[in-house]
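Report on one structure; see the data block that follows.
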There are 2 protein chains.
Amino acid sequence: MQETSDRPYHHGDLRRTIIETAMGMLDEEQGWQFTLREVARRAGVSHAAPYKHFSDKGALLAEMSMLGFDRLREKLTAAERRPFASHREELFALAHAYVGFGTSNPALYRLMFGADAGKAADIHSGERALAAFGVMLETLERGQKEGVLRKRPIQGQATTCWALVHGLTMLAIGGLLPPAKVGPDAMEAALAALLEGLEE
Amino acid sequence: MQETSDRPYHHGDLRRTIIETAMGMLDEEQGWQFTLREVARRAGVSHAAPYKHFSDKGALLAEMSMLGFDRLREKLTAAERRPFASHREELFALAHAYVGFGTSNPALYRLMFGADAGKAADIHSGERALAAFGVMLETLERGQKEGVLRKRPIQGQATTCWALVHGLTMLAIGGLLPPAKVGPDAMEAALAALLEGLEE
DNA sequence: CTACATATGTTGTCACTGACAACTTCGAGG
DNA sequence: CCTCGAAGTTGTCAGTGACAACATATGTAG
């Protein structure tokens with residue numbers, strides 16, 4: 001009857017389980033205040049087990065953050081792979097995918113960008129975060145080649161796009177874009193203004 | 001020789017002292033992981049004294065966040081009060097003031113927008129936060145009246161501005177706009193693109 | 001097949017934290 | 001002058017992150 005007999009001494013894939021459990025708690029509690037011990041409890045392991053896979057809580061959070069960038073990149077590439085009538089529509093779709101990712105994973109998104117310490121720079125300049133950035137870059141480059149976009153330094157345009165889209169996401173997550181206060185399509189307006197500023 | 005004799009039993013202005021001390025630590029540690037007890041220690045009071053002024057740590061952080069919005073509003077109004085050759089320059093100045101505030105108070109800025117719990121919405125819809133937003137709104141309204149800006153729903157334009165500027169700030173704080181990688185004036189480019197999208 | 005080295009889990013422990021309760025001090029208003 | 005409440009203090013508690021020491025599984029060399 002001992003549970004000990006059911007569950008083998010070694011979990012088998014604790015690392016993954018810990019991450020998944022923590023991801024769940026991130027969502028539930030809308031923040032990363034959850035305790036490592038509670039994660040362990042839910043995973044059904046002892047309170048010190050997580051330390052065999054993550055040097056400290058920060059390391060776990062960092063891994064979760066990177067995982068977030070992986071998912072973001074996937075969502076962006078998926079959005080961009082579909083056929084489009086125009087380059088403008090493609091950019092629109094990309095932007096929507098980005099904001100959609102943020103609004104449907106608010107806590108994760110905040111974690112990705114709000115990382116407490118100065119670790120932010122490390123995470124964001126990591127390969128996995130840059131990959132997400134890369135998707136947008138490629139689309140912009142294509143736009144310039146096709147002559148749809150003004151030929152300005154590509155990095156500047158990319159910065160503009162990312163900044164606008166990131167800002168929109170944050171505002172949306174913070175509940176600062178309620179249709180009642182800001183109009184039914186404040187976001188569309190913002191994206192339109194952006195494109196009008198970028199296009200030839 | 002007892003310090004107790006110097007310092008009166010009642011501090012006199014503990015609330016303010018606590019806030020200022022905490023603000024200092026926010027800056028030093030680039031985050032709000034500091035402990036309430038350490039704040040009390042530095043303020044020279046007992047570990048429980050802060051609870052006479054703030055129901056819990058979150059309340060202190062919320063107050064600090066609001067204080068941040070006050071300062072932001074002040075900086076924006078100051079920037080906007082100077083004389084300008086054109087409306088475009090005024091908007092530029094405003095945007096620079098905003099980003100400047102964020103980059104020179106990174107931890108505070110993160111606190112203002114990264115507030116852990118869902119408290120974000122409460123803080124941002126508070127009077128003091130909206131006041132900061134209001135400065136930008138007024139400038140945009142003036143721009144429309146003067147015929148410089150396209151006559152679109154003002155809230156949409158404001159959203160666009162805020163999103164762009166907020167995004168730029170976050171990227172800058174995160175160290176994602178190093179001139180080496182993104183060009184020497186990625187920010188200028190972004191602001192220019194924004195204005196070109198808003199202007200008539 | 002055996003025996004050990006290593007990765008993975010567990011128990012035990014420590015200093016510290018946020019939060020509360022009970023007690024003390026001080027100053028303002030009847 | 002006295003009392004009452006605001007502001008501080010000491011004491012305490014459960015819970016936390018982190019580490020150390022110990023236990024168990026796994027796989028690999030002889």
Side-chain angles (χ1 to χ4, degrees), chain A residues 1-26 28-65 111 115-119, chain B residues 1-26 28-65 111 115-119:
Chain A
M1 264 314 170
Q2 276 273 36
E3 179 125 37
T4 323
S5 54
D6 304 9
R7 186 168 31 96
Y9 189 90
H10 284 101
H11 180 287
D13 201 2
L14 224 206
R15 187 185 165 88
R16 183 174 312 277
T17 302
I18 287 177
I19 293 178
E20 281 169 7
T21 308
M23 282 294 210
M25 299 182 68
L26 180 68
E28 278 177 36
E29 316 193 3
Q30 287 298 305
W32 47 99
Q33 303 324 94
F34 59 81
T35 71
L36 223 35
R37 287 169 105 104
E38 175 67 16
V39 173
R41 241 166 267 144
R42 294 207 193 182
V45 294
S46 74
H47 64 238
Y51 288 94
K52 297 292 168 176
H53 299 272
F54 301 95
S55 61
D56 57 14
K57 190 179 173 182
L60 170 59
L61 292 178
E63 180 58 38
M64 293 166 70
S65 176
L111 174 63
D116 288 47
K119 311 286 179 188
Chain B
M1 262 316 170
Q2 275 273 39
E3 179 126 35
T4 324
S5 53
D6 305 9
R7 188 169 27 100
Y9 189 88
H10 285 101
H11 179 287
D13 201 3
L14 224 205
R15 187 185 163 87
R16 183 173 311 278
T17 302
I18 286 178
I19 293 178
E20 283 168 5
T21 307
M23 282 294 211
M25 297 181 69
L26 179 69
E28 279 177 35
E29 314 193 5
Q30 287 298 306
W32 47 99
Q33 302 323 90
F34 59 80
T35 71
L36 221 36
R37 287 168 107 105
E38 176 67 17
V39 173
R41 244 166 263 145
R42 294 206 193 183
V45 294
S46 74
H47 66 238
Y51 288 93
K52 297 293 167 177
H53 299 274
F54 301 94
S55 61
D56 59 13
K57 189 178 174 184
L60 170 58
L61 292 178
E63 180 59 38
M64 292 166 70
S65 176
L111 174 62
D116 288 48
K119 311 285 179 187

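Here is how names work: the chains are called A, B, and so on, in the same order as the sequence lines, proteins then strands, and each is numbered from 1.
For the pair R15(B) CZ and dG8(D) P, the interatomic distance rounds to 12 Å; values are reported in whole Å. The distance from atom CD1 of I18(B) to atom P of dA7(D) is 11 Å, rounded to the nearest whole Å. Counting to the nearest Å, the P atom of dG9(C) and the CZ atom of F54(A) are 11 Å from each other.
Of the listed nucleotides (dG8(D), dT10(C), dT8(C)), dT8(C) has the atom at the smallest distance from the side chain of H53(A).
Applying the salt bridge (charged side-chain N to carboxylate O under 4.0 Å, His left out) test to E20(A) and every residue at least two apart in sequence or in another chain returns nothing. Evaluation of the side chain to side chain donor-acceptor pair (under 3.5 Å) rule for R15(A) yields no partner, not counting sequence neighbours.
Although no hydrogens or angles enter the test, the distance criterion places a donor-acceptor pair under 3.5 Å between the side chain of T17(B) and the main chain of D13(B).
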- Footprint string (nucleotides 17-22 of chain C, 5' to 3'): B base within contact, S backbone only, - free, heavy atoms under 4.0 Å: SBBB--
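Contact check for V39(A) versus F54(A): no side-chain heavy atoms found under the 4.5 Å cut-off. With a 4.5 Å cut-off on side-chain heavy atoms, E63(A) and I19(A) count as touching.
Figure legend: K57(A) and Y51(A) shown without cation-pi pairing, the cationic atom not lying both under 6.0 angstrom from the six-membered ring centre and within 45 degrees of its axis.
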